[in-house]
2 protein chains.
Amino acid sequence: MATIRDVARVAGVSIATVSRVYNGSARVSDETRRKVRAVAAKMDYWPNGAARSLTTARTHSLGVLLPDLYGEFFSEVIRGIDHGARQAKYQILVSSSHADSDALVVASRSMHGRIDGLIAMAPDVASTAAIKQIARNFPVVLLNPRVEVEGCYAISIANFEGAHTMVRHLIAQGHERIAILKGPHGNVDAEERLRGYRSALRESGIHPLPELEFDGDFTEASGHRRAKEILALEGLPTAVFAVNDYMAIGLLSALRDAGVRVPEDIAVTGFDNIAISQYLSPPLTTVQVDAYELGQRAVQQWLLAIEPEGRSTPPRHEVLPATLVIRRSCGVARSAVPRGGRKSKRKPDGG
Amino acid sequence: MATIRDVARVAGVSIATVSRVYNGSARVSDETRRKVRAVAAKMDYWPNGAARSLTTARTHSLGVLLPDLYGEFFSEVIRGIDHGARQAKYQILVSSSHADSDALVVASRSMHGRIDGLIAMAPDVASTAAIKQIARNFPVVLLNPRVEVEGCYAISIANFEGAHTMVRHLIAQGHERIAILKGPHGNVDAEERLRGYRSALRESGIHPLPELEFDGDFTEASGHRRAKEILALEGLPTAVFAVNDYMAIGLLSALRDAGVRVPEDIAVTGFDNIAISQYLSPPLTTVQVDAYELGQRAVQQWLLAIEPEGRSTPPRHEVLPATLVIRRSCGVARSAVPRGGRKSKRKPDGG
DNA sequence: GCGTCCTATGTAACCGTTTACATGCGCAGA
DNA sequence: TCTGCGCATGTAAACGGTTACATAGGACGC
């Protein structure tokens with residue numbers, strides 16, 4: 001591809017002038033501007049991003065480090081980030097599958113010089129030091145951090161409160177024997193939701209029972225598998241709180257196959273309010289969390305952080321609400337409750 | 001952050017030596033190597049990516065241009081790309097929401113100097129020229145292109161064949177009055193699937209009827225909405241083929257609410273085989289397409305293209321198969337058919 | 001007619017690397 | 001002792017831009 005020098009030569013001007021044409025600000029006569037544009041178009045010239053970054057120390061891209069990209073949650077987070085970034089004319093440099101803090105550091109290092117900032121989901125507490133180190137180079141926004149990291153912006157979802165609210169709702173419906181389908185060990189969201197569950201039980205004088213806590217891994221398959229064990233309990237629970245919707249879906253499917261009616265025989269609830277949860281049979285009572293917004297707000301925070309004025313204000317930790325969405329699966333008479341809607345930011349998609 | 005010069009000064013060597021330490025290949029004495037590493041670690045040095053790209057003309061990142069990121073299809077495509085890229089030590093620079101070819105060109109331009117190649121889903125035929133232009137600078141892999149573009153690698157999904165097979169299956173089951181829930185106008189996948197539907201009907205001597213073709217936009221909501229119109233038809237269709245699973249889900253939900261039994265009163269089938277389709281009630285008969293693999297193979301093709309030997313072989317157009325997954329929603333007795341499985345590459349996820 | 005100012009444009013240093021080529025040193029062979 | 005070679009390391013020129021500063025020429029006031 002042609003370089004700035006080629007264009008300058010052909011257009012009969014200096015490289016500085018060509019550069020000025022592409023950076024708008026400087027004063028160039030209309031005639032020169034037109035000539036340069038014309039030559040550049042003919043030669044298919046466009047400024048080289050790497051060279052630009054080198055001199056300006058701005059890359060116009062934003063690093064995104066996630067543990068995984070699977071499932072609607074991550075997919076929506078990244079969509080939110082992409083849209084937010086796009087609005088601000090930034091591109092995103094994505095790298096996922098970061099299971100531990102070492103991988104995180106390696107990835108962020110390899111992005112040095114390519115990004116103006118970082119949005120990351122830190123896998124564990126061990127990352128704290130590493131992240132603090134990274135944050136010295138450019139603003140870092142943490143998603144759902146397990147602990148506060150000094151000097152970092154953060155934004156998370158009210159997992160504890162959401163689960164707490166959900167379980168209190170079940171208790172208010174008269175349920176006392178409430179099982180939980182847990183998420184993967186070590187996952188922050190999963191752990192917070194479990195805490196919320198236990199806390200709500202205790203507050204109502206119900207002792208959390210280990211035999212009512214079932215391991216899961218956030219997949220439909222794990223929800224499906226655990227159904228058998230739940231049904232094998234002596235003293236069936238009257239409600240099962242799955243800590244995400246996918247597991248609730250697997251559970252619902254297995255219960256249906258086993259001839260167990262939901263919500264008549266057993267109530268089932270989820271967490272996340274994924275798009276299809278309202279179309280399930282029965283429609284799923286769940287907790288609304290807006291992953292898209294999580295991503296978008298992360299970008300907003302970051303944009304704030306790179307503003308000259310923004311640097312002065314101390315990093316904030318924002319928390320997105322998690323609200324109850326009551327549908328049929330938890331056993332409220334259908335007519336008594338309006339069918340829970342879902343904010344729709346979606347567009348028709350391919351595939 | 002420290003530069004190569006800082007490290008060289010402190011370590012008492014030249015910048016060339018530091019550079020050599022980081023590029024492995026060149027011969028540096030063990031002692032010097034250790035010293036440089038130690039100093040670099042202390043100073044928190046890492047080579048600047050932009051500067052590296054500038055001299056080497058390699059960026060170690062791969063551009064990804066998609067029209068959207070919404071829904072399981074795109075989410076899986078990008079996951080496949082990410083994993084493929086990660087394996088080859090590449091990062092991906094993502095930009096979505098490219099509705100038209102102009103946006104595509106703008107985005108690809110702004111990536112100039114930042115990427116070593118491009119994976120793109122071209123929105124329309126008008127893009128052909130633009131893409132050919134882009135492909136002169138580095139290898140381009142097109143996803144599901146509407147037309148062949150000379151000089152570009154391409155990979156697509158057998159949409160036509162998948163739809164064709166599905167409708168032939170329905171006809172083999174005795175269905176003759178088969179409705180279709182179409183996708184968005186202008187969407188390649190949607191149009192190919194529609195073609196497959198019509199073609200299969202004609203082959204069996206059934207004339208495609210306009211009144212049996214319903215507009216949709218790939219969302220559950222649109223499937224839900226169209227249910228009313230379908231049920232209002234004089235002469236109910238005995239089967240409805242939704243061109244993606246999301247619309248099938250909306251349709252199933254609406255039919256259930258209307259007291260229409262699936263598959264007894266009406267058969268419903270989808271397309272894509274998204275993760276939850278096997279957990280629906282009834283489990284959804286659909287067409288398996290592997291979006292993850294689409295992404296992964298796109299990266300493979302691109303890696304092939306940048307190999308020195310690879311450049312000599314002419315660009316290929318690969319087609320991924322779309323295979324029938326028969327479950328209960330299309331009306332075959334449950335015991336007669338093994339429950340269709342789904343390849344699982346998934347890992348437990350967050351949220 | 002000359003100094004002054006303004007504007008459009010050119011010159012050249014610099015950003016942080018890589019790498020071809022130069023250098024200097026130790027050692028082996030004659 | 002001299003030549004030649006190999007190896008570790010240094011020097012300096014790119015890479016393709018941006019931008020501070022210099023410059024040239026025209027308009028203007030006196």
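Letters go in sequence order (proteins before strands), and every chain restarts at 1.
- Counting heavy atoms from C-beta outward, B:Val140 and B:Tyr153 have side chains that stay 4.5 Å or more apart.
- Counting to the nearest Å, the C1' atom of C:dC15 and the CZ atom of A:Arg114 are 15 Å from each other.
- With sequence neighbours left out, the salt bridge (charged side-chain N to carboxylate O under 4.0 Å, His left out) criterion links B:Asp6 to B:Arg9.
- When the P atom of D:dA8 is taken as reference, atom CZ of B:Arg34 falls 14 Å away, rounded to whole Å.
- Heavy-atom nearest nucleotides on DNA chain D were determined for B:Thr17 and for A:Pro47, and the one closer to the 5' end corresponds to B:Thr17.
- Between B:Asn23 and C:dT18, a side-chain N or O to OP1/OP2 separation shorter than 4.0 Å is present.
- In this structure, A:Val18 reaches neither bases nor backbone, as no heavy-atom distance under 4.0 Å exists between it and the strands shown.
- In terms of the side chain to side chain contact (heavy atoms under 4.5 Å, CB included) criterion, residue partners of A:Val21 (sequence neighbours excluded) are, by chain and number, A:Val28, A:Arg33, A:Val36, A:Arg37.
- Closest of all the heavy-atom pairs between B:Asp44 and A:Arg109 is OD1-NH2, 2.9 Å.
- Distances shown here put a side-chain N or O of B:Ser19 below 4.0 Å from the OP1 or OP2 atom of C:dT18.
- With sequence neighbours left out, A:Val319 forms a side chain to side chain contact (heavy atoms under 4.5 Å, CB included) with A:Ser156, A:Ala158, A:His317.
- Contacts between residues 37-44 of chain B and DNA chain D, counted as heavy-atom distances below 4.0 Å, involve no residue at all.
- Take B:Glu150 and apply the salt bridge (charged side-chain N to carboxylate O under 4.0 Å, His left out) test, not counting sequence neighbours, and it matches B:Lys132.
- Shown here are the side-chain hydrogen bond (donor to acceptor under 3.5 Å, both in side chains) partners of B:Ser14, two or more places apart in sequence or in another chain: B:Thr17.
- When the C1' atom of C:dT17 is taken as reference, atom CG of A:Asn48 falls 14 Å away, rounded to whole Å.
- The separation between B:Glu31 atom CD and D:dA8 atom P is 12 Å, rounded to whole Å.
- Here the closest heavy-atom approach between residue A:Ser108 and residue A:Leu118 is recorded as CB-CD2, 4.1 Å.
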Restricting to nitrogen or oxygen on both sides, can you table the protein-nucleotides 20-26 of chain C pairs closer than 3.5 Å?
none

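- B:Ser96 and A:Asp82 are linked by a side-chain donor-acceptor pair at a separation below 3.5 angstrom, with hydrogens and angles left out of the test.
- Here the side chains of A:Leu104 and A:Ile131 are in contact, with some heavy-atom distance below 4.5 Å.
- Residue pairs that meet the ring-ring contact (aromatic ring centres under 6.0 Å, His included) test with at least one member in residues 93-117 of chain A, sequence neighbours left out, do not exist here.
- Closest to the A:Ser29 side chain, of the nucleotides D:dT18, C:dT17, C:dA8, is C:dA8.
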Going by atom type alone, with no hydrogens or angles, which donor-acceptor pairs under 3.5 Å involve a side-chain atom of residues 55-66 of chain B and a protein atom two or more places apart or on another chain?
| unit_1 | atom_1 | unit_2 | atom_2 | d |
| --- | --- | --- | --- | --- |
| B:Thr55 | OG1 | B:Ala51 | O | 3.4 |
| B:Thr55 | OG1 | B:Arg52 | O | 3.1 |
| B:Thr56 | OG1 | B:Arg52 | O | 2.7 |
| B:Thr56 | OG1 | B:Arg58 | N | 3.2 |
| B:Thr56 | OG1 | B:Arg58 | O | 3.3 |
| B:Arg58 | NH1 | B:Tyr90 | OH | 3.0 |
| B:Thr59 | OG1 | B:Ser61 | N | 3.1 |
| B:Thr59 | OG1 | B:Ser61 | O | 3.4 |
| B:Thr59 | OG1 | B:Arg114 | O | 3.3 |
| B:Thr59 | OG1 | B:Asp116 | N | 3.3 |
| B:Thr59 | OG1 | B:Asp116 | OD1 | 2.9 |
| B:Thr59 | OG1 | B:Asp116 | OD2 | 3.4 |
| B:His60 | ND1 | B:Lys89 | O | 3.4 |
| B:Ser61 | OG | B:Arg114 | O | 2.8 |

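- When rounded to the nearest whole Å, the span between CZ of A:Arg58 and P of C:dC14 equals 23 Å.
- At whole-Å resolution of the value, NE2 in B:His112 and P in D:dG17 are 6 Å apart.
- In this structure, the CZ atom of B:Arg27 is 15 Å from the P atom of C:dT19, given to the nearest Å.
- B:Tyr45 has a side-chain polar atom (N or O) that falls below the 4.0 Å cut-off from OP1 or OP2 of C:dT17.
- A search for salt bridge (charged side-chain N to carboxylate O under 4.0 Å, His left out) contacts involving A:Arg86 returns nothing, not counting sequence neighbours.
- Remark: B:Arg52 is not in phosphate contact with C:dG16, judged by side-chain N or O atoms under 4.0 Å from OP1 or OP2.
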Identify all pairs in which a protein N or O lies below 3.5 Å from an N or O of nucleotides 13-15 of chain D, and state each distance.
none

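- Closest heavy-atom contact between B:Met121 and B:Phe74: SD-CE2, 3.5 Å.
- The phosphate of C:dT9 has OP1 or OP2 within less than 4.0 Å of a side-chain N or O from A:Thr32.
- Here C:dG16 presents its P atom at 12 Å from CE of B:Met1, a figure rounded to the nearest Å.
- Proximity of the aromatic rings of B:Tyr292 and B:Phe73 is defined here by a centroid distance below 6.0 angstrom, and this criterion is not met.
- Direction of the helix axis in the helix from C:dG1-D:dC30 to C:dA30-D:dT1 shifts by 60° between the two five-pair termini, rounded to 10°.
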